[in-house]
Amino acid sequence: MSAYLLGQSIDEQERLMMQARILRPYTESFFRQADLNHGMSVLDVGSGVGDVALLAADIVGSRGRVLGLDRDDVSLEHAQRRVIEQGCSSWVSFQTTPLDSFETDQQFDAIVGRYVMLYQPDPAATLRHFTRFLKPGGIVVFHEVDFTCPVLTSPKCDFVDQVLWLVPEVFRRANIPPDFGRYLPQLFLDSNLPWPHLAAEIPVGCGPGSPLHSWIASTVQTIAPRLSSLGIEIPQGVMIDDTLASKLEAACVEARSLLTASIQYGAWARKPASLKATS
Ligand SMILES: C[S@@+](CC[C@H](N)C(=O)[O-])C[C@H]1O[C@@H](n2cnc3c(N)ncnc32)[C@H](O)[C@@H]1O
C-alpha cells in the first residue's frame with residue numbers, strides 16, 4: 001500500500017496539527033539528541049502541513065535552510081502559509097514530489113522525518129535514496145511510532161480500550177506495520193547506515209482536559225471510513241462521531257484511569273564517510 005492511509009482531507013490536516021502539538025516535545029528531543037543545530041541545511045521527508053519543517057526551522061534558525069517534501073500539494077500550500085505566518089519563509093521552502101522520485105544536486109546536513117517511513121512500500125530503499133543527498137557525517141533522524149502498546153488504560157477501562165484497539169487493527173489490515181517504530185534499527189542497517197542511537201517516550205494522560213482524548217478520537221474518526229472495507233466491525237456501544245472525545249474522557253474519568261498512548265521512537269545516526277554520495 002503506497003497511498004497515505006489517513007487521507008488528505010481538511011480534517012486530516014487539522015488532526016495532524018493537533019497531533020503535532022502533542023508530539024513536538026518528543027520530536028524536538030530526538031532532533032536535539034541527534035545534534036541538529038543552528039545553521040544546518042535540513043531535508044524534511046513527508047512534511048504534511050509542515051509541523052516538522054517548522055520545528056527544524058526553529059532549531060536551525062535563519063542562517064540554516066529547510067526543504068520539506070510531500071506529494072500532497074494541498075497540504076504543502078497550507079504548510080507554506082504557516083511558514084509565512086511564522087516569519088520563516090526566507091529559510092523554509094517546500095516541494096511537491098513523491099519521495100522516491102525526488103532528485104537534487106544539493107547536499108544536506110540532515111535528513112529528518114516523522115510518521116512517514118511506515119507508509120513506504122520499501123522504507124530502506126526510500127532511505128537509501130535520501131542518503132544520496134546527505135553530506136558525509138550528516139545526520140539521519142526519524143521519529144516513528146508503535147501503536148501496539150499492550151497496556152492502554154490503568155485501571156482498565158473497556159470502552160476506551162475497545163476504541164484504541166481500532167487504530168493498530170486498521171494499520172495491520174492495510175498492511176502498514178502498526179509497530180514500525182520498533183524496527184528503526186533494522187531500517188538504518190538495511191539503508192547502509194550504522195546502528196542508530198535510540199530513545200523512546202510514551203505520552204500518558206489522565207483526568208478532564210487531557211489532550212489524549214481528542215487526539216485518539218480524531219484519529220479514530222479519520223480511519224472510520226476505512227473500517228468496513230478492511231472487514232473491521234465497530235465494537236458494540238461505540239459510536240464514531242463528534243461526541244467520541246467527550247465519551248472517551250467521561251469513561252476515563254469515571255474509571256479514574258491513566259491513559260497510555262502509543263510509544264514514540266526516535267532513531268538517529270551519522271552517514272559514514274565511506275558511504276559515497278551516490279550510494
Ligand atoms: C502522517 S503524515 C506526517 C506529516 C508530518 N511529518 C508530521 O509529523 O506532522 C505523513 C505525510 O507523508 C506524506 N507521504 C507519505 N508517503 C509519501 C511518499 N511516498 N511521497 C511523498 N509524500 C509521502 C503524506 O502525504 C503525508 O502528508
Side-chain angles (χ1 to χ4, degrees), residues 1-31 36 42-59 66-83 86 92 94-104 110-130 133 140-147 167-168 170-171 174-178 180-181 184 187 201 203 215 218-223 226 261-262 264-267:
M1 162 133 210
S2 55
Y4 173 48
L5 176 70
L6 303 182
Q8 316 287 6
S9 61
I10 300 290
D11 284 350
E12 172 56 5
Q13 293 184 8
E14 279 170 12
R15 191 194 68 83
L16 279 178
M17 287 191 289
M18 175 214 282
Q19 173 174 277
R21 284 193 288 279
I22 295 171
L23 296 182
R24 180 173 168 125
Y26 308 119
T27 312
E28 178 165 6
S29 158
F30 302 147
F31 284 6
L36 215 67
V42 176
L43 194 53
D44 171 35
V45 302
S47 290
V49 289
D51 289 279
V52 172
L54 284 164
L55 167 61
D58 284 349
I59 295 174
V66 180
L67 175 60
L69 310 177
D70 205 291
R71 63 180 155 216
D72 179 41
D73 49 1
V74 177
S75 292
L76 288 188
E77 278 164 23
H78 189 166
Q80 183 61 39
R81 284 196 298 278
R82 295 175 76 201
V83 158
Q86 297 189 29
V92 185
F94 296 99
Q95 184 175 327
T96 307
T97 176
L99 297 180
D100 291 338
S101 11
F102 174 74
E103 290 294 341
T104 179
I111 311 283
V112 308
R114 180 174 70 196
Y115 283 29
V116 67
M117 281 300 169
L118 79 169
Y119 296 111
Q120 307 316 310
D122 184 347
T126 301
L127 186 49
R128 283 196 298 272
H129 176 71
F130 277 98
F133 314 122
V140 179
V141 52
F142 281 94
H143 175 166
E144 294 286 349
V145 67
D146 175 7
F147 294 116
V167 178
V170 163
F171 278 74
N175 286 324
I176 295 170
F180 186 83
L184 280 166
L187 169 65
E201 302 266 9
W215 182 24
S218 63
T219 304
V220 171
Q221 283 178 280
T222 307
I223 59 176
R226 302 294 306 272
S262 44
Q264 311 300 313
Y265 283 97

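In listed order, ligands and their atoms are each counted from 1.
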- Please work out which of Q13, Q19, R114 has its closest non-hydrogen atom nearest to atom 3 (C) of ligand 1. R114
- Message: If I compare all heavy atoms of G68 with all of S47, which pair ends up nearest, and what's the gap?
- Response: CA-OG, 3.1 Å
- Task: Taking all heavy atoms of Q264 and all of V145, pick out the closest pair and write down the distance.
- Result: NE2-CG2, 3.8 Å
- Query: Considering only heavy atoms, which of G46, A79, P98, G50 lies nearest to atom 12 (O) of ligand 1?
  - Reply: G46
- Taking only non-hydrogen atoms of Q120 and a 4.0 Å limit, the atoms of ligand 1 in range are 15 (C), 16 (N), 17 (C), 18 (C), 19 (N)
- Does a salt bridge link R82 with D51, judged by any charged N lying under 4.0 Å from a carboxylate O? yes
- Item | Numbered atoms of ligand 1 (with element) below 4.0 Å of G48, judged on heavy atoms | 4 (C), 27 (O)
- Task: Pull out every atom of ligand 1 sitting under 4.0 Å from any heavy atom of S47, numbered as shown with elements.
- Result: 4 (C), 5 (C)
- Query: Does an N or O from D72, backbone or side chain, lie closer than 3.5 Å to an N or O of ligand 1?
  - Reply: no
- Task: Of the side chain and backbone of V45, name the one, both, or neither that has a heavy atom under 4.0 Å from an atom of ligand 1.
- Result: neither
- Query: Contact between T97 and ligand 1, counting heavy atoms under 4.0 Å?
  - Reply: yes
- Between the candidates D70, D44, V112, which shows the shortest non-hydrogen contact distance to atom 27 (O) of ligand 1? D70
- Item | Taking every non-hydrogen atom, the tightest pair across L36 and I59 | O-CG2, 3.5 Å
- Message: Applying a heavy-atom cut-off of 4.0 Å, say which part of S75 lies close to ligand 1: side chain, backbone, both or neither.
- Response: neither
- Message: Below 30° counts as parallel, above 60° as perpendicular, anything between as tilted: where do the rings of Y115 and F147 land?
- Response: perpendicular
- Where E144 and M117 come nearest, the two heavy atoms and their spacing: OE2-N, 2.7 Å
- Nearest heavy-atom approach of V42 to A56 is CG1-CB, 4.2 Å
- Query: V116 heavy atoms, cut-off 4.0 Å: which ligand 1 atoms fall inside?
  - Reply: 12 (O), 15 (C)
- Message: Are any of the N/O atoms on L99, whether in the backbone or the side chain, positioned under 3.5 angstrom from an N/O atom of ligand 1?
- Response: yes
- Query: Between D51 and ligand 1, does any nitrogen or oxygen pair lie at a separation below 3.5 Å?
  - Reply: no
- Decide if the gap between the ring center of F171 and the ring center of F180 is smaller than 6.0 angstrom. no
- Note on the structure: side chain to side chain contact (heavy atoms under 4.5 Å, CB included) test vs L54 passes for just one of V83, D44, V49, V92, namely V83
